[in-house]
2 protein chains.
Amino acid sequence: MRELGPRAREIVATAREVLESEGPRALTMRRIADELGIRAPSLYKHVPHKTALETAIVVDGFQEAAQRFEAAVDGAADPLGAFVDAYRAFAAAHPHVYRLMTQRPLPRDDMPPGLEARTAAPLLRAVGSPQRARAAWAFVHGMTVLELDARLPDDGVTEDAWREGIAAFRPPPPAAGRPEEH
Amino acid sequence: MRELGPRAREIVATAREVLESEGPRALTMRRIADELGIRAPSLYKHVPHKTALETAIVVDGFQEAAQRFEAAVDGAADPLGAFVDAYRAFAAAHPHVYRLMTQRPLPRDDMPPGLEARTAAPLLRAVGSPQRARAAWAFVHGMTVLELDARLPDDGVTEDAWREGIAAFRPPPPAAGRPEEH
DNA sequence: CGCGTTCGGCTAACGGTGTTAGCCGATGGT
DNA sequence: ACCATCGGCTAACACCGTTAGCCGAACGCG
């Protein structure tokens, strides 16, 4: 993947703004060009195709998410709970970007190496084992998309489901004497 | 939602075949018409728009899924395990239909009333409580889409994650004396 | 029988999409 | 002073969903 020039970064930034404020159907080459006071074909002087634009948005999204997750888990008394809060907050703040990041196979070849692992690391540390991390990730992602798509009734039960799932995947206390409060 | 005539049912059936065999990008009005030896505009004599076609595929998918889930759970020794097996089998057999069923808000207004609840019922029975059902559904759906999109490494750990999640959401044994084997 | 309606095809066309080809003025290096 | 590169531009293509309007065949019915 070619490195993006400064004009390309501008294009990606306005593309992300369009996506976040008006959703994926509005994310059109002509629309992006309009926003920049430019014609659509000129975009191709900076970006090879629309997919590369979407990939760049996804990469930015992962970078931002990774930062938030690391900051949330760092030194938290309840790392899993903190991670889940940060995860939900990210998805709620950038639902269209979140969907773009998750609703298709990852463009791994066009992503900085290590970024995927970096994003996954805080959860891994929060729950202990890799298989538990994958299960917990699946739960959190599942809840998130079901909520984004309004598949779950908006009653208190959904919040209970969050609690139930978090409790199910929280690592057991480190061994010794005092039990944890709940 | 208008009831679909017999020709419309044929159209939906070939649309589903195209979707299942070649994916959503191939699901084109012209492509469907071709398959039927017909021109694209003629489809609109039977179906109001493409979205209605997709909705019909989704409804068929839910009906088939509901049947499979009911059959799987019915009288099973481990209802949750049986449900998960049936769920994964359905998604693996019809990945594109599964995505269509889950990757967008449900077209509830154009679905037979009760179908959504019927599809959800087997899992609800299998785990006991509604909040546990939602959490378990999120986990199963999350694992499924992550696997469909090849987001999880294809090692044994993912299978462990399935086991871990299932164990986490299995209802406690009914009370009395003898412990279950594992 | 004849008539009118409805049905289910058709062609032509519109506006929108991503994308390519090719032109051209400005900028900047040698 | 020249030439190349950069970053715009217009025109156009193929494909998409969809609409308008035509037309032959089939059918109900007086």
Side-chain angles (χ1 to χ4, degrees), chain A residues 1-60 96-97 99-100 103-105 107 109-110, chain B residues 1-60 96-97 99-100 103-105 107 109-110:
Chain A
M1 143 195 176
R2 295 188 35 73
E3 205 58 42
L4 297 169
R7 191 80 233 255
R9 296 285 343 154
E10 288 180 27
I11 293 173
V12 171
T14 89
R16 176 164 176 174
E17 285 168 23
V18 170
L19 173 67
E20 296 206 328
S21 60
E22 303 179 41
R25 290 188 52 107
L27 191 64
T28 282
M29 297 305 269
R30 284 167 177 87
R31 180 79 171 73
I32 299 167
D34 266 13
E35 213 69 23
L36 290 158
I38 285 271
R39 307 286 167 174
S42 302
L43 297 174
Y44 291 86
K45 289 294 162 75
H46 307 279
V47 163
H49 40 247
K50 194 191 177 186
T51 306
L53 218 45
E54 295 172 333
T55 297
I57 295 175
V58 166
V59 168
D60 286 0
H96 298 301
V97 173
R99 281 200 182 85
L100 202 62
Q103 276 194 346
R104 65 198 74 211
D109 296 344
D110 297 333
Chain B
M1 145 196 175
R2 295 188 38 74
E3 206 57 42
L4 297 168
R7 192 81 233 255
R9 297 287 341 157
E10 290 179 27
I11 293 173
V12 171
T14 88
R16 176 165 178 174
E17 285 168 21
V18 170
L19 174 65
E20 297 207 325
S21 59
E22 302 178 42
R25 290 188 53 106
L27 191 64
T28 282
M29 297 305 269
R30 285 167 175 87
R31 179 78 171 74
I32 299 167
D34 265 14
E35 213 71 21
L36 289 158
I38 284 262
R39 307 287 167 172
S42 302
L43 296 173
Y44 291 85
K45 290 293 162 77
H46 307 280
V47 162
H49 39 247
K50 193 192 178 187
T51 306
L53 216 47
E54 294 173 334
T55 297
I57 296 177
V58 166
V59 168
D60 286 0
H96 297 300
V97 173
R99 280 200 183 86
L100 202 62
Q103 277 197 347
R104 64 197 73 210
D109 296 343
D110 296 333

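Model, not experiment: these values are computed from the prediction. In the text below, chain A, chain B and the rest are named by the order of the sequence lines, each starting its count at 1.
Nearest heavy atom pair, residue A:Arg39 against residue A:Ala33, reads C-CB, 3.5 Å. The minimum heavy-atom distance between B:Val97 and B:Arg16, with the atom names listed, is CG2-NE, 4.0 Å. Heavy-atom minimum distance, A:Ser42 versus A:His46: O-CD2, 3.6 Å.
No side-chain donor-acceptor contact under 3.5 Å links A:Glu54 to the backbone of A:Leu100.
Residue B:Leu36 is out of contact with every strand shown, counting any heavy-atom pair closer than 4.0 Å. As judged by a 4.0 angstrom heavy-atom cut-off over every strand, A:Ser42 is placed among the base-contacting residues. As judged by a 4.0 angstrom heavy-atom cut-off over every strand, B:Leu43 is placed among residues making no nucleic acid contact.
When the P atom of C:dG18 is taken as reference, atom CZ of A:Arg39 falls 16 Å away, rounded to whole Å. One atom, CD of A:Glu10, and another, P of D:dG7, lie 11 Å apart when rounded to the nearest Å. What separates CE of A:Met29 from P of D:dC9 is a distance of 14 Å, to the nearest Å. Protein atom CG of B:Leu4 is 17 Å distant from nucleotide atom C1' of C:dC7, rounded to whole Å. Going from atom OH of A:Tyr44 over to atom P of D:dA11 covers 19 Å, rounded to whole Å. Remark: C1' of C:dT19 and CG of A:Leu53 are 14 Å apart, rounded to the nearest angstrom.
Side-chain contact between A:Ile11 and A:Ile38: absent, with no pair of heavy atoms (C-beta onward) separated by less than 4.5 Å.
Judged by atom type and distance alone, A:Lys50 does not reach the base of C:dG18 through any side-chain donor-acceptor pair under 3.5 Å. Applying the 3.5 Å distance criterion, the base of C:dG18 shares a donor-acceptor pair with the side chain of A:Arg30.
Residue A:His46 places its side chain closer to D:dG8 than to any other of D:dG8, C:dG18, D:dC9. Of the candidates C:dT11, D:dG8, C:dT19, the closest approach to any side-chain atom of A:Ile38 belongs to D:dG8. Each of D:dT10, C:dG18, D:dG17 was ranked by its minimum atom distance to the side chain of B:Thr28; first place goes to D:dG17.
For D:dG8, one of the phosphate oxygens OP1 or OP2 lies less than 4.0 angstrom from a side-chain nitrogen or oxygen of A:Arg7.
Residues B:Thr51 and B:Lys45 each lie close to DNA chain D; by heavy-atom proximity, the contact nearer the 5' end of the strand is made by B:Thr51.
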